[in-house]
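The structure appears right after this line, and notes come after that.
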Amino acid sequence: MQAGRRTLEAGAPHGHPPRPCLKFRPLLRQPRGPMRLSAYFLPLLRENPSEAQIVSHRLMLRAGMIRQSSAGIYSWLPLGLRVLKKVERIVREEQDAAGALELLMPTIQPAELWQESGRYEDYGKEMLRITDRHERAMLYGPTNEELITDIFRDSIKSYRDLPKNLYHIQWKFRDEVRPRFGVMRGREFLMKDNYSFDLDVKGAKHSYFKMFFAYLRTFARMGLRAIPMRAETGPIGGDLSHEFIVLAETGESQVFCDRAWLESEILDMAVDYDSDLEPQFLRWTSLYAATGDIHDAKACPVPEDRLVTARGIEVGQIFYFGTKYSAPMKAVVAGPDGEPVPVEMGSYGIGVSRLVGAIIEASHDEAGIIWPESVAPFKVGLVNLRAGDRRCVAAADDLYARLTRAGVEVLYDDRDDSPGAKFAAMDLIGLPYQLVVGPRGLDKGVVELKKRAGGARQELSPEAALTLLGGG
RNA sequence: CGGGGCGUAGCUCAGCCUGGUAGAGCGCCAGCUUUGGGAGCUGGAUGCCGGAGGUUCGAAUCCUCUCGCCCCGACCA
């Protein structure tokens, strides 16, 4: 390794000659890092772009989270990407906790696999077909059942290797006829999809139940009330399926459920994934909830005065589909008796990029986004109201340095702008806490801490603010 | 895929009907004054008027074609 390189990694202050350093030292977050708005990339829009019709789309554009590249295809700007990564992380943690194993499959897949399953024709124009230079038919994956089944059958030959549950978080492309609503219905979208493989129906159901509860936990951690609803299985096929629906005016799905769902707590609970989950599953699904596709007004068990008809956003769906792919694709294992058995499969999807929009739909006000802390791009927005004032700069710089050092995620508005503009910007991007440093407060030795949700403010000493925010 | 709408400055939009050579507000740049909820004044920069073809002395404006985007419906994580 070269000396110059090492210097960079050691984070030597500029202007000082690099000290010899033989041991690698990790680069710490630097107090003068790029999370100052003066250095950040946050292109805010003051007005609503005309193409955006729903609130999440408008706010994502206005808050500088995304930019459209073409219909249904978006770039994620720094602020948006931070949220996407946080959502992704929660999804990953809950998958891991439920025993799923992460891998990563490619976006581009060979057509042969899809011809084998019979879906190459069935999928129609939604599948983006590509021809490579050798005239080989390829496609941009809209989902991965074929590919995962191929990987599975290549390597898993015995019932002793079951069960398996494999997932990845990867970009998908579905050439929707009508992309809309920003990231809620993009053509390109980030999805967590996983696939379970079991020897028999009992095992497959257990896998299904595990994902059922992993999903409830995942959405609850994002502050979402996602109701599991009985759903049609669609082109993926199978016979047991639930959609996880967040109720919202702007949702695309017509749904029906028992009023009790709305009165229940956010659906979070501890789960022992090794236990028999069926009783718990039956309890959770005893309360009526169904998507419009399968709801039958005549057969509905819920009396009319308890039935809620609403619109909802589908943030996830789980399927048990038996041997639909394993049989035609010959994903078989040797059973205990040595005879080949096609494996029982399920697949499970969460729209990761869609969730970002869904969270905004569920949590915003007139002024902008209100991020739940778990997915907020930063925890704290530190605002210096008077960029030209030495005292304010010193106080705000100090808070920024100490919070950052303590690992608190801070976005520091150090720009020279009017107070109103700064408040409006902070409200728009919706960080959970706003820490305001101004001359008026400093005269009294205080700073102001405002919670974005609810808008409660309190004046307190900088030390107290640090303690409260976890930087003390 | 059916139906509708819109493409003019970074954003929101006017101008088009009735052709005469490009506008406003916000934003951006410079300066000064301001500063606790989107500040004021002064000066400045920015457009292949989505693209191609046509009509015309002359096209943002009229005609034809085309591309893109949005909305409603049917379909979907």
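Residue numbers begin at 1 in each chain, while the letters A, B, ... track the order of the sequences.
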Note to self: One pair to check against ring-ring contact (aromatic ring centres under 6.0 Å, His included): A:Tyr208 and A:Tyr320. What are the steps and the verdict?
What the structure shows: CA-CA 7 Å; A:Tyr208 184 91; A:Tyr320 160 60; 7.2 Å; no

Notebook entry, point to check: Which nucleotide, B:rG38, B:rG37, B:rC75, lies nearest any side-chain atom of A:Asp427?
Noted result: B:rG37

Item checked: Base of B:rG27 paired with side chain of A:Arg62 (donor-acceptor, under 3.5 Å) -> no

Next item on the list: For B:rC72 versus B:rU66, give the span between their P atoms, rounded off to a whole number of Å.
Entry: 26 Å

Check: What parts of residues 44-55 of chain A reach RNA chain B, counting only heavy atoms under 4.0 Å away?
Finding: A:Arg46, A:Glu47, A:Asn48, A:Pro49, A:Ser50, A:Glu51, A:Gln53

Check: How are the rings of A:Phe378 and A:Tyr40 set relative to one another: parallel (under 30°), tilted (30 to 60°) or perpendicular (over 60°)?
Finding: perpendicular

Notebook entry, point to check: Side-chain donor or acceptor of A:Lys422 under 3.5 Å from a matching atom on the base of B:rG36?
Noted result: no

Notebook entry, point to check: Should B:rG43 form a Watson-Crick or G-U wobble pair with both distances under 3.5 Å, which nucleotide is its partner?
Noted result: B:rC29

Note to self: Between B:rG7 and B:rC48, how many Å separate the two C1' atoms, rounded to a whole number?
What the structure shows: 15 Å

Item checked: Nucleotide forming a Watson-Crick or wobble pair with B:rC75, both distances under 3.5 Å -> none

Margin query: Taking the minimum atom-to-atom distance to the side chain of A:Gln68, which one of B:rU35, B:rC69, B:rC71 wins?
Written below: B:rC69

Notebook entry, point to check: Parallel, tilted or perpendicular: which describes the rings of A:Tyr123 and A:Trp114, with under 30° parallel and over 60° perpendicular?
Noted result: perpendicular

Notebook entry, point to check: Is there a donor N/O on one and an acceptor N/O on the other, under 3.5 Å, for the side chain of A:Arg415 and the base of B:rG38?
Noted result: no

Notebook entry, point to check: Which nucleotide in the list B:rA74, B:rC70, B:rG37 gets nearest to the side chain of A:Val177?
Noted result: B:rA74

Checklist line | Results of salt bridge (charged side-chain N to carboxylate O under 4.0 Å, His left out) for A:Asp365 - residues two or more places apart only | finding: A:Arg452

Check: How far, in whole Å, is B:rG5 from B:rC29 if one measures between their P atoms?
Finding: 40 Å

Checklist line | Interatomic distance at C1', B:rU33 relative to B:rA14, whole Å | finding: 33 Å

Item checked: Watson-Crick or G-U wobble partner of B:rC62, both distances under 3.5 Å -> B:rG54

Notebook entry, point to check: Among all residues two or more places apart in sequence or in another chain, which pass the side chain to side chain contact (heavy atoms under 4.5 Å, CB included) test with A:Ala424?
Noted result: none

